[in-house]
Amino acid sequence: MRILYLLTSLGIGGAEKQVIGLAERMSARGHTVAVLSLKHAEEEWPAKLPVLRLNIRKTPLGIWRGLRFAVQFAVMFRPDLLHSHTYPANIFARLLKRMLPRPAPRLINTIHNVYEGGSRRMLLYRLTGFLVDQVTAVSQAAADRFVKLRAVSAAKMRVLTNGIDTGAFAPDRSRRRQMRAQMEAGKSFIWIAIGRLAPAKDYPTILESFAQLRPTHPTAQLWIAGEGDVSQLHSVNNPSDSNSNVHPLGLRRDIADLLDAADGYVLSSAWEGMPLALGEAMAMEKPVVATDVGGIRQLVGERGSIVAPKDSAALAAAMLNVMSLTEFERKAIGKAARERILQHFSIDAKALEWEQLYEQVGSGSKPA
């Protein structure tokens, strides 16, 4: 099968990482694969596949020119299937399919979050729904919300969760010692949060929670790995020294190393799809504490602590509970978390599910 993946950019994000991982596995399984990116990002995930960057400007003329180049590329590549991800690329792919010669390739859209914009975007999804053959969501919560909003018809919606690279994300004692030494962690308990510094991640709640646990754990540290405006990490009205052990790390590519060095993973998102970094932390055998939004409960199951969003006291209590456990108890929790990822969320198993869906959509049969 010839598969053309479309995404907004190859920027350092969970959705982008997931698409590249899936595309590379489809190529390894014998499919002919290419990637089309709507714009260029300053920092991008490396890709071992042909990538066409359209560098589209957000103007009617810029979009029209981007579509023309995409049509030329698609005519040359001759895809059997288009698979797009996130709102801008999903709408672009629908327009692209409309402009391609008949018979046009089949089209799958994937939604990566419970929130992809306001009512205008949802209306555009609804009005162009006839152009898409299948829509998938990375969590049941996202699927339910888009169907409820009538942005996607229930008949075309299916849930297919993210996959975790359990080979790349596996604990290594030697790497843990080396990274802790490099980060001068000492014997401190290290909490880590990973994700861009954006409202969806609700870092103020993490900061408030961390400040609440500092009186009883003064040496604890909080590492925050993600790009964005660091000034928002100082916006919480706490005592002047409350965040002295908070360490913004910026954009990092050594996430597996950082996770190995940490003792627990915390996520306080206000909304989500199914966060890849949380699954990676579980694969690294870390106890996790997360808010009950999007597909987090579907991912974590009973293998972590889940609290209500925007409740710093509940988040702090869950973090303190993890810290009160013995090292043996935390390791047992971590091993159970990794086992859940291995059984239900490995990227190789998900690649097989995608391949089966591609075959069903390509043949025109209705997915089971």
Side-chain angles (χ1 to χ4, degrees), residues 1-56 66 69-70 73-74 77 79 81-86 88-90 92-93 110 112-113 138 162-172 175 178-179 182 192 194-198 223-228 249-261 273-281 283-284 341 345-352 354-355:
M1 183 176 290
R2 303 180 67 84
I3 309 168
L4 178 59
Y5 290 92
L6 297 92
L7 65 168
T8 306
S9 78
L10 297 181
I12 307 297
E16 294 81 1
K17 186 177 185 180
Q18 187 72 189
V19 175
I20 293 170
L22 174 61
E24 289 178 347
R25 279 162 177 79
M26 287 298 108
S27 178
R29 297 174 81 91
H31 301 283
T32 303
V33 175
V35 178
L36 191 153
S37 173
L38 304 192
K39 63 181 183 180
H40 175 75
E42 291 185 9
E43 294 281 347
E44 295 187 335
W45 293 113
K48 302 175 184 178
L49 299 164
V51 177
L52 173 65
R53 295 172 179 82
L54 297 177
N55 298 324
I56 294 176
F69 280 116
F73 178 77
F77 182 69
L81 183 80
L82 306 175
H83 186 183
S84 61
H85 299 257
T86 70
N90 287 342
F92 187 89
T110 293
H112 284 264
N113 210 315
V138 298
N162 285 335
I164 308 300
D165 188 341
T166 54
F169 287 88
D172 183 311
R175 179 172 59 182
Q178 292 174 8
M179 180 54 74
Q182 179 182 324
I192 188 168
I194 299 170
R196 68 191 187 281
L197 307 184
W223 298 349
I224 299 176
E227 62 180 334
L249 305 180
L251 181 64
R252 300 287 293 246
R253 294 181 181 271
D254 55 347
I255 295 300
D257 300 44
L258 291 171
L259 283 170
D260 236 340
M274 182 170 283
L276 196 63
L278 179 60
E280 290 170 347
M284 293 293 291
I341 296 300
F345 299 98
S346 76
I347 184 65
D348 292 316
K350 294 301 172 183
L352 178 59
W354 277 115
E355 188 173 48

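- Residues satisfying the ring-ring contact (aromatic ring centres under 6.0 Å, His included) criterion with Tyr5, sequence neighbours excluded, are His83.
- Taking every heavy atom of both residues into account, Asp348 and Arg25 meet most closely at OD1-NE, 3.1 Å.
- In this structure, Glu280 contributes its side chain and Ile164 its backbone to no donor-acceptor pair below 3.5 Å.
- Within the 3.5 Å criterion, the main-chain N or O of Lys48 finds a donor-acceptor partner in the side chain of Glu24.
- No donor-acceptor pair under 3.5 Å is formed between the side chain of Asn162 and the backbone N or O of Leu276.
- At distances below 3.5 Å, not a single donor-acceptor pair connects side-chain atoms of Asp257 with backbone N or O atoms of Met179.
- Ala23 and Leu49 make their closest contact through CB-CD1, 3.4 Å (heavy atoms, listed as atom of the first residue, atom of the second, distance).
- To the nearest 0.5 Å, the span separating CG on Asp172 from CG on Asp260 amounts to 6.0 Å.
- Residues Gly226 and Leu197 come closest through the heavy atom pair O-CG, 3.9 Å.
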Practice item. Go through Glu43 and Arg253 one step at a time and tell me if the salt bridge (charged side-chain N to carboxylate O under 4.0 Å, His left out) criterion holds. Key: CA-CA 10 Å; Glu43 294 281 347; Arg253 294 181 181 271; 2.9 Å; yes

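- Within the 3.5 Å criterion, the main-chain N or O of Phe77 finds a donor-acceptor partner in the side chain of Arg2.
- Judged by distance alone, with hydrogens and angles left aside, the side-chain atoms of Trp45 form no donor-acceptor pair with the main-chain N or O of Gly14 at under 3.5 Å.
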Practice item. Please lay out, stage by stage, how Ile194 and Leu259 fare under the test side-chain contact (heavy atoms from CB on, under 4.5 Å). Key: CA-CA 9 Å; Ile194 299 170; Leu259 283 170; 3.9 Å; yes

Practice item. Decide side-chain contact (heavy atoms from CB on, under 4.5 Å) for Lys350 and Leu22; before the verdict, give the C-alpha distance in whole Å, the side-chain angles of both, and the deciding distance to 0.1 Å. Key: CA-CA 8 Å; Lys350 294 301 172 183; Leu22 174 61; over 6 Å; no

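- Rounding to the nearest 0.5 Å gives a distance of 4.5 Å between CG of Leu54 and CG of Leu36.
- Taking CG from Leu10 and CD1 from Ile20, the interatomic distance works out to 4.5 Å, rounded to the nearest 0.5 Å.
- Judged by distance alone, the side chain of Asp165 and the main-chain N or O of Ala168 form a donor-acceptor pair under 3.5 Å.
- More than 12 heavy atoms of other residues, nucleotides or ligands lie within 6.0 Å of CZ in Arg175, so this atom counts as buried by the packing criterion.
- A distance of 7.0 Å separates CG in Asp254 from CD in Gln182, rounded to the nearest 0.5 Å.
- Across Leu249 and Ala225, no two heavy atoms sit closer than the pair CB-CA, 4.2 Å.
- The heavy-atom pair separating Asn90 from His85 by the smallest distance is OD1-N, 3.4 Å.
- Shown here for Ala283 and Pro171, the closest heavy-atom pair between the two residues is O-CD, 3.8 Å.
- Counting heavy-atom neighbours within 6.0 Å of Lys39 NZ, excluding the residue itself, gives a total of 12 or less.
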